[in-house]
Amino acid sequence: MSDKADRLAATRSGALDAIRANVRAMRGYVPGEQLNDPGIVKLNTNENPYPPSPRVFEAVRAALTGDKLRKYPQPLGDDFRRAAGRVLNVDPESILIGNGSDDILTILTRAFVPEGGLIASPTPSYVLYRSLAEIQGARFAAVPFADWQPDVTAWPREANLSFVPNPNSPSGTLAGPILLMKLRDAVHPHPLVIDEAYADFADSPGHVGFVNNWDNLIVTRTLSKSYSLAGVRFGFALARPEVVRELVKVKDSYNCDVLSLAAATAAIEDRDYFRGVRAKILATRERMRPALAALGFEVTPSRANFLWCRRGDRPVKPIYEELKRRKILVRYMDYDGYDGLRITVGTDAEVDRLLSELKAIL
Ligand SMILES: *Cc1c(COP(=O)(O)O)cnc(C)c1O
């Protein structure tokens with residue numbers, strides 16, 4: 001290298017320095033551990049312990065024949081939208097497809113939140129919302145839950161976008177429907193996004209049927225959990241058709257590929273399989289809670305496919321670590337000192353393993 005090049009290298013780091021300051025300052029969202037050890041019992045990222053519907057495999061195989069991979073997929077996912085519209089009894093035009101619901105949350109942030117704007121969500125809840133604000137160069141308000149209910153009085157009404165997971169993670173709790181509508185009213189005309197990643201486990205229809213009644217309500221869903229498709233990446237939003245048409249301008253033209261569209265369409269159409277899997281998970285959840293309580297955990301009653309477990313002020317991180325040594329992975333969550341274990345509902349055999357290891361540890 002010439003002297004001149006050396007000098008330049010010492011004073012500038014090029015693209016690294018050119019990254020936006022808000023991105024440089026972020027820690028970055030840290031997803032749950034995805035270990036590649038096949039012997040591990042994985043109860044840390046709320047995946048479904050059962051395989052997807054057999055029809056999903058048929059649909060993916062069919063998509064691999066002919067010249068489907070050579071061509072671009074449907075940009076709006078028309079076949080999926082028709083199928084989901086039928087199943088959920090909504091207008092297909094009110095559905096926006098996404099590469100996982102995380103993609104949907106990104107699209108919503110880009111569409112609604114200006115630089116310097118404000119995103120609000122309750123805390124403790126899904127940590128990704130803060131990262132989305134940081135990427136956008138927006139501010140973030142974490143509004144503490146009151147008894148696991150959103151605090152409408154403390155909520156910043158000027159928030160450009162409000163996210164409420166319902167059921168919430170890590171608690172698995174549901175917000176009261178009247179309270180949610182009060183919140184929607186309080187932030188109007190800014191949107192309230194109800195993140196219904198776990199709504200299928202809640203034994204309640206959720207809010208997909210209400211997006212046409214309210215002009216600032218948006219609902220998001222995912223096929224990662226209740227349809228066993230976390231590896232495929234497919235989620236969607238429901239909003240008024242005129243809002244969806246604007247959001248389409250923000251998304252990548254082909255944000256869902258041929259294979260994920262085929263898998264998602266087949267999965268959502270197989271209602272019997274879906275109900276069977278859900279019933280098994282709910283039955284396991286209901287026996288898991290008293291068993292964990294008998295081991296000394298305070299377990300929040302959950303309407304999702306996981307349980308939030310604490311031991312008062314006693315530390316739970318060593319339990320997470322010891323379980324990991326014993327090849328059981330749960331999620332240790334720490335919200336500024338308020339911490340606990342979020343444990344996914346697995347198969348009955350997995351849950352038996354968890355319980356017997358916990359008995360040995362405690
Ligand atoms: C899992 C999860 C998502 C994201 O799901 P993907 O569709 O896999 O991106 C969104 N919100 C919450 C609250 C979740 O727990």
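Counting convention: from 1, in listed order, for ligands and their atoms alike. One is the number of the first residue; the rest follow in order along the sequence.
With a 4.0 Å heavy-atom cut-off, ligand 1 is reached by the backbone of Ser101 and by its side chain too. With a 4.0 Å heavy-atom cut-off, ligand 1 is reached by the side chain of Asp195 but not by its N, CA, C or O.
Listed by number with element, the atoms of ligand 1 under 4.0 angstrom from any heavy atom of Ser224 are 6 (P), 7 (O), 8 (O). Close approach of ligand 1 to Lys225 is summarised as follows: ligand atoms under 4.0 Å from at least one heavy atom of the residue are 1 (C), 2 (C), 3 (C), 4 (C), 5 (O), 14 (C), 15 (O). Atoms of ligand 1 lying under 4.0 Å from at least one heavy atom of Gly100, given by number and element, are 7 (O), 9 (O). Distances below 4.0 Å separate heavy atoms of Asp102 from the following atoms of ligand 1: 3 (C), 4 (C), 9 (O), 10 (C).
Using cut-offs of 30° and 60° on the angle between ring planes, the pair Tyr129 and Phe163 is parallel. Taking the six-membered ring for Trp and thresholds of 30 and 60 degrees, Trp308 and Tyr338 have ring planes inclined between 30 and 60 degrees apart.
Both the sub-6.0 Å distance and the 45° axial angle are not jointly satisfied by Lys225 relative to the ring of Phe201.
For Tyr126, no nitrogen or oxygen atom sits less than 3.5 Å from a nitrogen or oxygen atom of ligand 1, counting backbone and side chain alike. At a 3.5 angstrom cut-off on N or O pairs, Arg233 counts as close to ligand 1.
Note on Arg24 versus Asp17: salt bridge recorded, some NZ/NE/NH1/NH2 to OD/OE distance being below 4.0 Å.
Under the 4.5 Å side-chain heavy-atom criterion for grouping Ile, Leu, Val, Met, Phe, Trp and Tyr, Leu105 is connected to Ile119 within one hydrophobic cluster.
Within the structure, ligand 1 lacks Gly235 among the residues with a heavy atom less than 4.0 angstrom away.
Nearest protein heavy-atom neighbour of atom 15 (O) of ligand 1: Tyr198 OH, 2.5 Å.
The six-membered or imidazole ring of Phe274 lies near that of Tyr227, with a centre-to-centre distance under 6.0 Å.
Taking the side chain as every heavy atom from C-beta outward, Pro124 and Phe145 approach each other to under 4.5 Å.
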